[in-house]
Amino acid sequence: MSLLPSTYIEHIAGYEGQQVTLAGWVYNKTEKGKLIFIQLRDGTGTIQCVVFKKNVSEEAFKAAQSLGQESSCYIDGMVRADPRSPSGYEIDVRDVRPVSITQDYPITPKEHGIEFLMAHRHLWVRSSKQHALLRIRHEVIAAAQEYLNNNGFVRFDTPILTPVAAEGTTNLFATQYFDLGMAYLAQTGQLYVEAGMMSFGKVYCFGPTFRAEKSKTRRHLTEFWMIEPEVAFADQEDNMVLQEHFVSYIVKRVLERRAEDLRTLERDTTALEKIAPPFPRISYDEAIDLINKAAAQGVTVPPEQHPLPPLEWGEDFGAPHETYIASLFEKPVFIVNYPAAVKAFYMQPVADRPEVVHCADLIAPEGYGEIIGGSQRIHDVELLEQRLREHGLNIEDYQWYLDLRRYGSVPHSGFGMGIERCTAWIAGTRHIRETISFPRQLYRIYP
RNA sequence: UCCCCGGUAGCUCAACGGUAGAGCGGCUGACUGUUAAUCAGUAGGUUCCAGGUUCGAAUCCUGGCCGGGGAGCCA
């Protein structure tokens, strides 16, 4: 006989008036003498189960009394509609069969500090908001892959262990690789996904990426997941058109399918409902002007309302600058054509302005920061070699990458979207650490 | 790496130089409509660590450890 329940809580409305067997965990329990209310969760939802002493055996009533928070059990009972129940339905319990009795579950429905919650992340993921958030993350990933799969892309996964730095500038996690020297955990799949692009035309890779940066902010993880599409014969404008449709599709699908989770998180979705192509585009030059005008007027930036620092042309934006630019628009905004000096070596220079490159950062609204970085890649082998030298990189390490330009090179573009930042924006979650099951941060690797 | 803040019961916090406390959670009991129930009782402490000042330190000083918020960097 199967151990599975007869149905799941998300489908309970279809069983009104019928007897069901549910299996799950006790989310909360209230005793009132001869009456016990159990909030049972099974991963698909939560429902109130009412145990009347006169309706069950003495053994079952005692069993119900013994169930502490997060005890696991089967509950048999009749489904009935009842306006007094939060979901509109409740279970009139006939039998309670404990699987594992728990007392002293550490995470109570009261307030807890973040240090405690992070140390109990393995249990915290059961809590309703964390559950909703991770469900939205799942939907973001599913929607992203679905969009690409439906638009002719082939998933082409790239290695995690790599021999050299892809971008050279950021810190990498290193590990000894047998007798072959050091290997590094990939900070991007981009260089490898370009090889796939030359085979399939439209490809994407999706997987974890690693940055050993000592970043200690609400927008950073040392291990995060990135989805990186790459398209042959696409220029940077084609790239941005793809991005705005891609992001809009993801937002739309989360709004359609995870409305209940967004409600659990108390996310105001009015801004999200306006997300549709096209997204505004402003140049790096225009952004600098806007920032300096605002800085001169003493504009301050949330959340701390610090004054916006002025910038000189050629400097990269800080978090306050991105937040300010994003605040001028209701949709995500592309900032295009950054100075070549502040960007990676492989970006294609603009024809009549070689000091800037064909690239765009997509900045999410409401201060959630950069969710996509993308560019048109250099397709000329000599220019690429020159850029590698200018960045102080070892040409020998990049021979395979240069081969992609030696044999049938074509103009091409691509981008990388951070799953966690995108999820944080859509879910309206302040801190990125809650958008991944087990965040890896500067001062935390347990559990 | 830099700046700021914190560490007291399982949890959230109070006590701020003079007997270490409350609420929640646990346990025992009461209650037929609770939603973080309520009520009564009960157990529970190396006040992060090491020095120092003092008649006396959770409290003041020095150093360390561990966290949190932000910056830079990035998705």
Side-chain angles (χ1 to χ4, degrees), chain A residues 27-39 46-55 61 65-66 68-70 82-87 90 92 102-120 123 127-128 167 169-171 187-190 208-228 301-306 309 315-323 342-344 361-364 368-374 415-425 430-433 435-436 441-444 446:
Chain A
Y27 197 72
N28 202 4
K29 186 184 75 171
T30 307
E31 282 192 65
K32 276 203 57 86
K34 298 185 174 65
L35 189 57
I36 302 172
F37 298 96
I38 295 168
Q39 307 299 331
T46 304
I47 192 162
Q48 172 158 281
C49 304
V50 185
V51 188
F52 276 98
K53 193 168 190 177
K54 66 170 186 180
N55 287 352
F61 194 78
Q65 285 180 307
S66 70
Q69 189 187 352
E70 288 303 317
D82 192 314
R84 293 173 294 186
S85 178
S87 66
E90 62 182 26
D92 184 9
T102 291
Q103 268 129 17
D104 277 329
Y105 182 70
I107 303 179
T108 67
K110 296 277 181 179
E111 286 176 24
H112 298 284
I114 193 67
E115 184 176 354
F116 175 80
L117 290 170
M118 289 307 303
H120 293 82
L123 303 176
S127 298
S128 60
E167 296 176 2
T169 52
T170 47
N171 297 320
Q187 57 187 335
T188 171
Q190 187 208 309
T209 54
F210 305 87
R211 309 263 167 111
E213 294 155 1
K214 301 209 166 176
S215 300
K216 196 170 165 297
T217 81
R218 73 167 78 100
R219 291 185 304 277
H220 286 86
L221 297 167
T222 57
E223 177 181 316
F224 67 97
W225 288 64
M226 192 153 61
I227 191 159
E228 297 177 89
V301 182
E304 271 81 33
Q305 299 304 334
H306 289 318
E315 290 182 282
D316 206 352
F317 301 133
H321 304 115
E322 287 184 355
T323 301
V342 301
K343 286 293 179 184
D361 286 352
L362 185 65
I363 315 297
Y368 289 97
E370 182 184 346
I371 53 172
I372 287 179
F415 64 92
M417 185 183 80
I419 293 295
E420 290 78 14
R421 284 200 187 164
C422 183
T423 303
W425 164 49
R430 231 179 83 262
H431 205 299
I432 196 170
R433 66 187 158 210
T435 62
I436 186 167
Q441 296 179 277
L442 187 51
Y443 292 121
R444 185 168 293 285
Y446 177 91

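Proteins get letters first, then strands, A, B, ... in listed order; numbering begins at 1 in each. Note: hydrogens, waters and symmetry copies are ignored here, and every other heavy atom, side chains too, is used. Since this is a predicted model, take the numbers as computed values, not measurements.
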Enquirer: Taking the inter-plane angle between the rings of A/H321 and A/F317 on a 0 to 90° scale, is it parallel (under 30°), tilted (30 to 60°) or perpendicular (over 60°)?
Expert: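 Tilted, since the angle between the ring planes falls between 30° and 60°.
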Enquirer: Side-chain donor or acceptor of A/H220 under 3.5 Å from a matching atom on the base of B/rC74?
Expert: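 Such a pair is found, so the answer is yes.
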Enquirer: Please determine if a side-chain N or O atom of A/K214 lies less than 4.0 Å away from the OP1 or OP2 oxygen of B/rU1.
Expert: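 Checking A/K214 against B/rU1: at least one side-chain N or O falls below 4.0 Å of OP1 or OP2.
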Enquirer: So, does A/H431 get its side chain near the phosphate of B/rG68, meaning an N or O under 4.0 Å from OP1 or OP2?
Expert: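 Answer is no, no contact under 4.0 Å.
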Enquirer: Looking at A/K216 and B/rG70, is any side-chain donor or acceptor paired with a base atom of the opposite kind under 3.5 Å?
Expert: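 Side chain to base: no pair below 3.5 Å.
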Enquirer: Identify, with sequence neighbours excluded, every residue that meets side chain to side chain contact (heavy atoms under 4.5 Å, CB included) alongside A/A319.
Expert: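 A/A319 satisfies side chain to side chain contact (heavy atoms under 4.5 Å, CB included) with A/R219 only.
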Enquirer: For B/rG72, take OP1 and OP2 only and decide whether either is under 4.0 Å from a side-chain N or O of A/R211.
Expert: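 Answer no for this pair, as no side-chain N or O of A/R211 is under 4.0 Å from OP1 or OP2.
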Enquirer: Can a donor-acceptor pair under 3.5 Å be found between the side-chain atoms of A/E31 and the base atoms of B/rU34?
Expert: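 By the distance-only test, no, there is no pair.
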Enquirer: Check whether the side chains of A/T435 and A/H431 place a donor and an acceptor atom closer than 3.5 Å, and report yes or no.
Expert: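 Side chains of A/T435 and A/H431: no pair found under 3.5 Å.
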Enquirer: From A/D361 CG over to A/I372 CD1, what is the distance, rounded to the nearest 0.5 angstrom?
Expert: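 Nearest 0.5 Å value for the CG-CD1 distance: 10.0 Å.
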Enquirer: Could you run through nucleotides 23-28 of chain B and give me one letter per nucleotide, 5' to 3': B if any protein heavy atom sits under 4.0 Å from the base, S if only the sugar-phosphate is that close, - if neither?
Expert: -SSSS-
Enquirer: Looking at A/N55, does any N or O in its side chain come under 4.0 Å of the phosphate oxygens OP1/OP2 on B/rU32?
Expert: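 False: A/N55 side-chain N/O out of range (4.0 Å or more) of B/rU32 OP1/OP2.
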Enquirer: Please tell me which of A/R444 and A/F317 maps to the more 5' nucleotide of RNA chain B, matching each residue to the nucleotide holding its nearest heavy atom.
Expert: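 Its nearest nucleotide being more 5', the pick is A/R444.
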Enquirer: Once side chain to side chain contact (heavy atoms under 4.5 Å, CB included) is applied, do any residues pair with A/K216, and if so which ones, sequence neighbours excluded?
Expert: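 With sequence neighbours excluded, A/K216 shows a side chain to side chain contact (heavy atoms under 4.5 Å, CB included) to A/L442, A/Y443, given in chain and number order.
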